[in-house]
Amino acid sequence: MHVNSLFQWLRDNLLLLLQLLAVVFIIYGVMAFQLHGGTATGKRYILMVDNSASMSASDTDPNRLEWAKREALKQIDAAGEKRCRHGHRIQFTSHDEAVVYEQQRPAAPSHPGTSNPRNGQRGSRKRSTWRTAWRILAVRRKRQPSGRKTWKMEKSVPMCRQRERRRKCTSILMAGFLICPDFSLGNLNVIYHAAGKMMVETDEQGKKVLKPAPESSNNVGIVTFNARRDENDPSIVGVLVRVLNFRSKALNCKLHLDVFRGGEMVSAKDREIDLPPRRPADEPGQRDAPGEAAAAFELHDLDDSRNTLFRARLAGVDDCFPLDDESWLVVGVVRKARVLIVGPFNSILHAFFDEEATRAVADVTYLGRDKLATDDYLAPAQNGAFDLVIFDRCAPKTEAQMPRANTLFIGYPPPPWRPPGEKPIDQTKTTRLVEYPHIKGWQQGHPVTQHLRALYNVGISEAFQMEGLPPRTPRLFESDRNVALLVALTRGPFTDLVLTFPLLTEKEEWNTNWPLRPSFPLFLRNVLYFLGNVEDATAEPNVVPGNVKILHPASAVDSGIVIDPKGKRIELKHGPHEQRLDFSFAETHWIGPYRVIWEDGTERLFAVNLLDSDESDLEPMPAIKIGAEQIVAGRERGQPRHIWKWFALAAFVILGLEWYLYNRRIYV
């Protein structure tokens, strides 16, 4: 009751002191304090090696990839001896799990436990490798009956097991530039080693920091190479080449443009270009802006009926990354779509497909709907004679009569659906009549609906609703009452586009005013180019090394041969039960022109180029930002450690002690 100092009463009240301490620890526990530090107890290691094209730069001896492989072996050797939970001495490769990953397209493991990534010319895939590194925690080693250890990816790993592995996992990254700025590392520990020449400097605070050496950015590269034919005179082709200078000094060099036809050079042009030096970044942490220059060429008297191959090359640059000093471009011929239109006479479709501009990119055949059950339709349709078949107010009776081609159904459902009023083949796939629907929304990201505008004012008298659509079927046009007016169905390798309302009725009356709108011919053009596989006479799309190239033959063929820039012959062949007509070619490993020879004797060309400013910028980054984390080269990322649990445990122990002392005073 009477005290002379602040804590005098507390000296005789130990219980109150314990209660106050418990409240303090609970407050600290709620504040969730964290400590950041290294984790030296990691038992799982992921060695990720950047295997993109920039790793072939020769600023390190012999190149950056060999340097990264040596560093990976040093990391394995530095692990030294450890003791397992049973106390036995073990080596790094016999107990801890090490996996070498290649940072490439796509991210795929090399032989686990080794460091043997191959040199490549691929562009870097920035996100997939980190996702794969996150999932590599499910990789386990399995002992076979023969005693040999192999690796497999477990199908399912409990979340608690995954969290435990992530806490004990250390990811060692060896790369040349920013990998993924929008990836969350979580508890994954990262040690970043910058590939390329680095030097040590002292900053204003006297600390030693790593900075890129000047010779690490010794590169000049071609990043843009395209061509375009003149609309009025196809024999005139304009070519644009864009070059970037990543050096700190200005450069004057010569750009050569060579023209090949039939494997022989037919002409050559050159142009001197002045490249300014790279400009320092405006803000710290950003990359410098390279010097830029462009050169334009105009070539005359080029035959638009034959493939023409262009080569752009830099002379006199003498840099450490020659892969971007040369690029190839193919200006091809028109590949016409083979189109079949089945149905009664439709003046709207004739007005579009009989136009001169449409005939320039498509060979159109008309067939009456009474021919659907005859060999006039069945034989060419089953042999893949067409790229696109348009069914106007009609459809084959069975799925077996569907063509080996992409299709567009107008005002009539494909089998097994039947139109309203007819007996359905499958009771789960029925249709019902819908009157006066209005387009309320459409997908603009699909190739068929791109650039379409102002569809809200399209009027429709009658349409049908398809019931029993497969899950996640793209609904390209939608109306109210959950009615799909345009859907895209998948049939093996083919696409069946269904427009659920006809343009004309059976009495040749207009069912919609859409053909009067500007969006209708644009829709038919999208269908023709996307489903008809049209390739115009402009330059072939650039293919990045490692990406898949889809090859469309001019006629229905079953095989072909691809000759890569190294002269290797790669066979293209369909499987015994494969229905698709195009071919997927994935062996685009080398930069240069590829020659395709089909079994019918026709040929085509396509080119693979780097054309990547990120790959051409060789300057290594002393620090990279992955998500919200900034990782400095050579340092281990500080791991967050939650200590609020210890405060909560201390509060619980103090409350238990206070309860014990209280009961002892009362009952003893």
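Note that the coordinates shown come from a computational prediction; the quantities given were computed from them, not determined experimentally.
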*Asks:* Report the C-alpha distance between S613 and L244 in whole Å, list the side-chain angles of each, state the deciding distance to 0.1 Å, and finish with yes or no for side chain to side chain contact (heavy atoms under 4.5 Å, CB included).
*Replies:* CA-CA 8 Å; S613 58; L244 296 183; 4.0 Å; yes
*Asks:* Before accepting this row, confirm whether a basic side-chain N of the pair D582/K549 lies closer than 4.0 Å to the acidic partner's carboxylate O.
*Replies:* no
*Asks:* On a heavy-atom basis, which atom in L503 and which in P515 lie closest, and how many Å separate them?
*Replies:* CD2-CG, 4.4 Å
*Asks:* Working to the nearest 0.5 angstrom, can you tell me the gap between T428 OG1 and L469 CG?
*Replies:* 10.5 Å
*Asks:* Minimum heavy-atom separation for A405 and R491, please, with both atom names.
*Replies:* O-NH2, 2.9 Å
*Asks:* Does the side chain of T449 come under 3.5 Å of the side chain of Q443 through a donor N or O and an acceptor N or O?
*Replies:* no
*Asks:* If we only count heavy atoms from C-beta on, is the L551 to L572 side-chain gap below 4.5 Å?
*Replies:* yes
*Asks:* Do the charged groups of D363 and R338 touch, with an N to O distance under 4.0 Å?
*Replies:* no
*Asks:* Which is it for F409 and L497 under the side chain to side chain contact (heavy atoms under 4.5 Å, CB included) test, yes or no, and what are the steps along the way?
*Replies:* CA-CA 6 Å; F409 289 84; L497 203 65; over 6 Å; no
*Asks:* For the pair T431 (side chain) and R418 (backbone), establish whether a donor and an acceptor sit closer than 3.5 Å, ignoring hydrogens and angles.
*Replies:* yes
*Asks:* Assess the residue pair W598 and F583 against the criterion (ring-ring contact (aromatic ring centres under 6.0 Å, His included)); give the C-alpha distance rounded to whole Å, side-chain angles, the decisive distance to 0.1 Å, and a yes or no.
*Replies:* CA-CA 11 Å; W598 302 113; F583 296 81; 5.3 Å; yes
*Asks:* Side chain of D564, backbone of K568: donor and acceptor closer than 3.5 Å?
*Replies:* yes
*Asks:* Would you check if the side chain of R335 reaches a backbone N or O of P553 as a donor-acceptor pair within less than 3.5 Å?
*Replies:* yes
*Asks:* Checking the side chain of N547 only, and the main-chain atoms of V543 only, is there a donor and an acceptor separated by less than 3.5 Å?
*Replies:* no
*Asks:* Are the side chain of D258 and the backbone of A268 linked by a donor-acceptor contact shorter than 3.5 Å?
*Replies:* no
*Asks:* Distance-only, no hydrogens or angles: does the R271 side chain make a donor-acceptor pair with backbone N or O of A296 under 3.5 Å?
*Replies:* yes
*Asks:* Would you give the length of the straight line joining atom OG1 of T224 to atom CG of L611, rounded to the nearest 0.5 angstrom?
*Replies:* 7.0 Å
*Asks:* Taking the side chain as every heavy atom from C-beta outward, state whether V608 and Y594 have any pair of such atoms under 4.5 Å apart.
*Replies:* yes
*Asks:* First locate atom CG of L408, then atom CG of L524, and finally report the distance between them rounded to the nearest 0.5 Å.
*Replies:* 7.5 Å
*Asks:* Do R313 and D325 meet the salt-bridge criterion of a basic N to acidic O distance under 4.0 Å?
*Replies:* no
*Asks:* Considering residues, nucleotides and ligands other than H451, do more than 12 of their heavy atoms fall under 6.0 Å from its NE2?
*Replies:* no
*Asks:* Taking the side chain as every heavy atom from C-beta outward, state whether T358 and D354 have any atom pair closer than 4.5 Å.
*Replies:* no
*Asks:* In terms of side-chain heavy atoms, does D324 have a donor or acceptor partner in N219 at a distance below 3.5 Å?
*Replies:* yes
*Asks:* Could you please spell out the steps behind the side chain to side chain contact (heavy atoms under 4.5 Å, CB included) verdict for M466 and V498?
*Replies:* CA-CA 10 Å; M466 300 176 64; V498 183; 3.8 Å; yes
*Asks:* Is any side-chain heavy atom of W514 closer than 4.5 Å to one of S519?
*Replies:* yes
*Asks:* Under 4.0 Å between a side-chain nitrogen and a carboxylate oxygen: does that hold for E356 and R359?
*Replies:* no
*Asks:* Ignoring hydrogens and geometry, is there a side-chain-to-backbone donor-acceptor pair from Q465 to A484 under 3.5 Å?
*Replies:* yes
*Asks:* Any side-chain heavy-atom pair from L340 and L367 closer than 4.5 angstrom?
*Replies:* yes
*Asks:* Please report the interatomic distance CG(N346) to CZ(F353), rounded to the nearest 0.5 Å.
*Replies:* 10.0 Å
*Asks:* Taking NZ, NE, NH1 and NH2 as the nitrogens, is one of them in K573 or D558 under 4.0 Å from a carboxylate oxygen of the other?
*Replies:* no
*Asks:* Hey, are R595 and E603 close enough for a salt bridge, meaning a charged N less than 4.0 Å from a carboxylate O?
*Replies:* yes
*Asks:* Kindly indicate whether a cation-pi arrangement holds for R525 with Y529, taking the cut-offs as under 6.0 Å to the six-membered ring centre and within 45° of the axis.
*Replies:* yes
*Asks:* When rounded to the nearest 0.5 angstrom, what is the spacing between OG1 in T308 and CZ in R261?
*Replies:* 4.5 Å
*Asks:* Looking at R369 and E506, is there a salt bridge between them, counting it only when a charged N and a carboxylate O are closer than 4.0 Å?
*Replies:* yes
*Asks:* Can a donor-acceptor pair be found between the side chains of D496 and T407 at a distance below 3.5 Å?
*Replies:* yes
*Asks:* E422 and Y412: which non-hydrogen atoms are nearest, and at how many Å?
*Replies:* OE2-OH, 3.8 Å
*Asks:* Does any part of the side chain of H350, heavy atoms only, come nearer than 4.5 Å to the side chain of F345, both counted from C-beta?
*Replies:* yes
*Asks:* With the side chain counted from C-beta on, respond yes when R404 and F494 share a heavy-atom pair under 4.5 Å apart, and no when they do not.
*Replies:* yes
*Asks:* Return the orientation label for the F606 and F585 ring planes: parallel under 30°, perpendicular over 60°, tilted otherwise.
*Replies:* perpendicular
*Asks:* Okay, side chain of Y377, backbone of Q401: is any donor-acceptor separation there less than 3.5 Å?
*Replies:* yes
*Asks:* Using the ring of each side chain (for Trp, its six-membered ring), is W328 parallel, tilted or perpendicular to F260, with breaks at 30° and 60°?
*Replies:* tilted
*Asks:* Between S559 and E599, does any side-chain donor sit less than 3.5 Å from a side-chain acceptor?
*Replies:* yes
*Asks:* Determine whether L388 and I390 make a side-chain contact, defined as any pair of heavy atoms from C-beta on separated by less than 4.5 Å.
*Replies:* yes
*Asks:* Quick check for you: to the nearest 0.5 Å, what is the distance between N542 atom CG and S327 atom OG?
*Replies:* 8.0 Å
*Asks:* Does atom NZ of K371 have more than 12 heavy-atom neighbours from other groups under 6.0 Å away?
*Replies:* no
*Asks:* For F530 and H446, work out which heavy atoms get closest and say how close.
*Replies:* CE2-CE1, 3.9 Å
*Asks:* Say whether, by atom type as modelled, one donor and one acceptor occur between the side chain of W417 and the main chain of E467 under 3.5 angstrom.
*Replies:* yes
*Asks:* Would you name the heavy atoms of K429 and P416 that are closest together and state the gap between them?
*Replies:* CD-CG, 3.4 Å
*Asks:* For the backbone of S54 and the side chain of E615, can you confirm whether one donor and one acceptor N or O come within less than 3.5 Å of each other?
*Replies:* yes
*Asks:* For C394 and V342, what are the C-alpha separation, side-chain angles and deciding distance, and is it a side chain to side chain contact (heavy atoms under 4.5 Å, CB included)?
*Replies:* CA-CA 8 Å; C394 63; V342 184; 3.9 Å; yes
*Asks:* Between N63 and S56, is any side-chain donor less than 3.5 angstrom from a side-chain acceptor?
*Replies:* no
*Asks:* Considering all heavy atoms of both residues, which atom of K397 and which atom of I425 are nearest to each other, and what is their separation?
*Replies:* O-CD1, 3.8 Å
